[in-house]
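The block underneath contains the structure these notes are about, expressed in structure tokens.
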Amino acid sequence: MDESTDPAAVAPAEQSSQLLGYPPDARLLIVNCDDLGMYPAINAAVIESVEDGIASSCSLMVPCPAAPQALEMLSRRPRIPFGIHLTLVCELPDIKWGPLTAREQVPSLLDPAGELFSPSPAGRAALLGRARLDEIELEFRAQINAVADAGLAPTHLDFHCLADGGRDDILDLTVALAAEYGLAVRVWLDPARRTMRKRGLPVTDNDFLDSFSLGIEGKAARYVQMLRDLPAGLNEWAVHPSLGDEESQAVDSGWPVRRTDYEFLTSQQARDVLQQEDIAVIDYRTVQQVWSRGTSFG
């Protein structure tokens, strides 16, 4: 085979960890708590996981009922870095939320009942098959501007239940919005991840973890092993802590995932393993600085 066409012969882009100023063998980990604002037991667990646990940042779901409480909590804790968990779906029948934009302005984002789609496979397919990009932009801007109007400064944009936005044009829009607002974007699927690295924009170097993909039984031991096996480069875990209290159990079938995340993130064991393994837990502020400089998206 001609060497010029052999993928293995192509020099890899610089690791994202190196773009952030770390040596090639550094093991970096972002531990980001998703779903802040969904309901109060999540808010409490996220804040504790960042302030007293190993989590390093979080992502706010602006349209959700407990978002005002979350914004108030963040305003009293300016040292907690947070992003905006861009939200176009609603999965909790007992806790409804809708778009921040007036429904008549974003009809393509709504199901036949006039509500946000469920993030079930069928619901996501229906949403992505009909959602107009101009209406998505209206809603994304509304969510970003609501945070700005509260006087808070996020670090990054990521997506709730839509990996990399679910469509190439949605991701492109989000990257453009990030450039406009001076933010980073969580990008973890190929080929978009490779594209961002070619642009000099740091994204995860290794496999991305969504904690909902892990089983409940033996989760703490699994987390410990994942930390011990963590590869060099930039890594990211999207975790989902909640107190798992009666409120959680009444409204959220995913509460066992969230409770077990919370228990590990706030454990002494987690802190000890990070220290033993010499893993640097960072947040999106470092990533944001590099993204903010790389504003040429040609």
Side-chain angles (χ1 to χ4, degrees), residues 30-100 116 118-120 143-144 146-147 150 152 154-163 186 208-216 219-220 223 236-267 270 281 283-284:
I30 296 173
V31 183
N32 191 88
C33 299
D34 290 5
D35 300 351
L36 180 68
M38 187 180 281
Y39 54 80
I42 288 179
N43 290 352
V46 168
I47 296 298
E48 185 179 349
S49 296
V50 176
E51 288 192 321
D52 301 322
I54 69 164
S56 53
S57 68
C58 53
S59 294
L60 172 68
M61 297 177 69
V62 183
C64 291
Q69 180 196 50
L71 284 165
E72 195 273 334
M73 296 168 85
L74 290 170
S75 70
R76 289 189 280 110
R77 296 167 174 85
R79 289 180 294 180
I80 292 183
F82 75 98
I84 299 174
H85 208 42
L86 295 167
T87 302
L88 296 177
V89 295
C90 177
E91 70 268 36
L92 298 186
D94 296 321
I95 304 180
K96 286 288 189 183
W97 60 81
L100 294 189
L116 292 177
S118 161
S120 66
Q143 294 180 23
I144 297 168
V147 172
L152 298 177
T155 58
H156 68 283
L157 303 174
D158 55 41
F159 303 94
H160 179 60
C161 293
L162 293 174
R186 171 196 284 166
F208 177 88
L209 173 71
D210 181 330
S211 70
F212 268 90
S213 69
L214 298 180
I216 301 300
K219 184 192 271 188
Y223 273 141
E236 182 171 357
W237 290 4
V239 293
H240 302 83
S242 170
L243 299 179
D245 56 9
E246 289 186 8
E247 176 205 24
S248 306
Q249 297 177 34
V251 300
D252 184 2
S253 63
W255 73 266
V257 174
R258 300 180 188 277
R259 173 69 194 186
T260 49
D261 276 3
Y262 166 67
E263 289 171 349
F264 181 75
L265 294 169
T266 57
S267 69
V281 177
D283 60 68
Y284 264 99

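Because the structure is predicted, anything quoted here is derived from the model rather than measured.
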Non-hydrogen atoms of I47 and M73 that approach each other most closely
CG1-CE, 3.6 Å
Kindly indicate whether the side chain of K219, heavy atoms from C-beta on, has any atom under 4.5 Å from the side chain of V257.
yes
Quick one: are E247 and P40 in side-chain contact, heavy atoms under 4.5 Å?
yes
Shortest non-hydrogen separation from L71 to A150 and the atoms involved:
CD2-CB, 4.3 Å
Does D252 reach the side chain of L92, with side-chain heavy atoms less than 4.5 Å apart?
yes
Which heavy-atom pair separates G83 from T155 by the least distance, and what is that distance?
N-OG1, 4.1 Å
Report yes if the side chains of L209 and Y223 come closer than 4.5 Å at any heavy-atom pair, otherwise no.
yes
For R79, salt bridge (Lys or Arg N to Asp or Glu O under 4.0 Å) partners two or more places apart
none
Please answer whether the main-chain N or O of S211 pairs with a side-chain N or O of D261 as donor and acceptor at a distance below 3.5 Å.
no
So does V239 get a backbone contact from the side chain of D34, meaning a donor-acceptor N/O pair under 3.5 Å?
no
Say you draw a straight line from OG of S56 to CD1 of I80; how long is it, rounded to the nearest 0.5 Å?
11.0 Å
To the nearest 0.5 Å, what is the distance between CD1 (I144) and CG (L86)?
6.0 Å
Is there a side-chain contact between R258 and D35 (heavy atoms, below 4.5 Å)?
yes
To the nearest 0.5 angstrom, please state how far the CG atom of L243 sits from the CH2 atom of W255.
12.0 Å
Is any side-chain heavy atom of M38 less than 4.5 Å from a side-chain heavy atom of H160?
yes
Could you tell me the separation between the CG atom of L74 and the CG atom of L36, rounded to the nearest 0.5 Å?
5.5 Å
Roughly how far apart are M61 CE and C161 SG, rounded to 0.5 Å?
7.0 Å
Should R77 and F82 count as side-chain neighbours, where that means a heavy-atom distance under 4.5 Å?
no
Would you say T266's side chain and S49's backbone share a donor-acceptor pair under 3.5 angstrom?
no
Working for side-chain contact (heavy atoms from CB on, under 4.5 Å), residues Y39 and C64:
CA-CA 8 Å; Y39 54 80; C64 291; over 6 Å; no
Minimum-distance pair of heavy atoms, taken over all atoms of C90 and I95:
SG-O, 3.7 Å
Residues at least two apart in sequence or cross-chain that pass ring pair (Phe, Tyr, Trp, His ring centres under 6.0 Å) with F159, listed by chain then number, are none
Between CG of D52 and CG of L265, what distance do you get to the nearest 0.5 Å?
12.0 Å
Closest non-hydrogen atoms of A45 and Y262, given as atom of the first, atom of the second and distance, are CB-CD1, 3.7 Å
Does a donor on one side chain and an acceptor on the other come within less than 3.5 Å for Y284 and N32?
no
So, does W237 use its side chain to make a donor-acceptor pair with the main chain of C33 at under 3.5 Å?
no
Between T260 and L214, is any pair of side-chain heavy atoms under 4.5 Å apart?
no
Applying side-chain contact (heavy atoms from CB on, under 4.5 Å) between V46 and each of S242, S59, C58, report the one that passes.
C58
All heavy atoms of V62 vs all of A67, minimum pair found to be O-CB, 3.2 Å
